[in-house]
Amino acid sequence: MQSNSNDPFELMHMIELRRDLHAHPELGFEETRTSQIVADQLAEVGIEVHRGLGKTGVIGTLRVGTGTRAIALRADMDALAMPELAERDYASKTPNTMHACGHDGHTVMLLAAARHLARERNFSGTVHFIFQPAEEGRGGAKAMIDDGFFERFPVDAVYGLHNMPGLAPDEMAVVAGPQLASSDSWEVTFRGIGTHGAKPHLGRDAVTAAGQFLLALHTIVARRVDPLQPAVVSACAIESGDFRALNVIPDTVRIGGTARAYSAAVRDQLEAEIGQLAQGTAAMFGITADYKFLRRIPPVINDADATRRALAAAQAVTGRPVVTDFPPSTAGDDFAFFGAAVPGAYVWLGNGPAVDGALHHNSRYDFNDEAIATGARFWSTLVQQELR
Ligand SMILES: [Zn+2]
Ligand SMILES: [Zn+2]
């Protein structure tokens, strides 16, 4: 696959490849086909390929000149376990698996930039192209880091990018500070003493305790967290009793949910407050509570210096002013694990208007191929500017 000066990013090839990936989505840690394609596309232009980090992860390394600075650019490769309901000729051929977050586009844009840079070799330093598995809640970034990413590929900075409907495909948003929230899970099990529904005084009612707990849960954000600090606490699952036994007060009630914050301090506070409320409520009702807080993903907080560099690259490639006041999202991205280890910046690239109202994780969502050129140009310009 050759490129020429009119088509430095092999756009036709990349659109074809993007649609091929879209038609063959793979779930986290199962990206065997995708990672093989990525490895082949990198090797074809002479990029050093490392495989097996985080099972299906791929690292492409490109060293040019004598520059000692090294940076990493990260794309995610995985799809979601959901059906694709839109009719398009490249719709998913795999049942209940779909690229509904645009990671097919992320993969292709980073490939396009890597191949361009490998041909042009117009920088001095080292770039590691990270093709990460399992971003969608399966822990791909952490798995790559646990497999020694930072020891094997030391870097001075790391960058990530996500598509964003609502911004134009030649529009980017680059903002310093918090971008994405921490995403943690919690679980409380209230343990009372089950009894006859007609004789509540002979037991200890965990169901009523759970009701009190659920109402009080929302006082954590309203009354305990600094009002100027965003936070979310939601109960999302509840399990107790049996609808075939409506005369039985059950022994236990299990409640689970999510907690989100944009700073380490508020994240710690949510963990402590939910537990304290569970224990306090249990004590009030003379029962006990088990509490678990599972730390999944830290917040994505853009480093000021890395953000300035990303902004300069975005300003050089987009056809319009870069958005610098884009609001943070309460979603999470495990890019946070890379960005927590070295200075990092996570930027947004427009995906055009939401077609039929479909946003990320909607069964009709699709990455916009018109954004490939902007994304590929952004990545390659960032490398050329960072590694002069
Ligand atoms: Zn997603
Ligand atoms: Zn995503």
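One-based numbering, in listed order, for ligands and for the atoms of each.
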Check whether any side-chain heavy atom of Met144 sits under 4.5 Å from a side-chain heavy atom of Gln132, and report yes or no. yes
Determine the interplanar angle of the Phe326 and Trp348 rings, folded into 0 to 90°, and report it as parallel if under 30°, tilted if 30 to 60°, perpendicular if over 60°.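 It falls in the tilted class, 30° to 60°.
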For the pair [X] and [Y], find out whether any cationic side-chain nitrogen is under 4.0 Å from an anionic carboxylate oxygen.
{"X": "Asp104", "Y": "Arg18", "value": "yes"}
{"X": "Asp147", "Y": "Lys55", "value": "no"}
{"X": "Arg63", "Y": "Glu48", "value": "yes"}

Mind checking how many protein N/O/S atoms fall short of 2.8 Å from the Zn ion (ligand 2)?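 That number is 3, waters not included.
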Can you name the nearest heavy-atom pair linking Thr318 to Val322, along with the distance? OG1-CG2, 3.8 Å
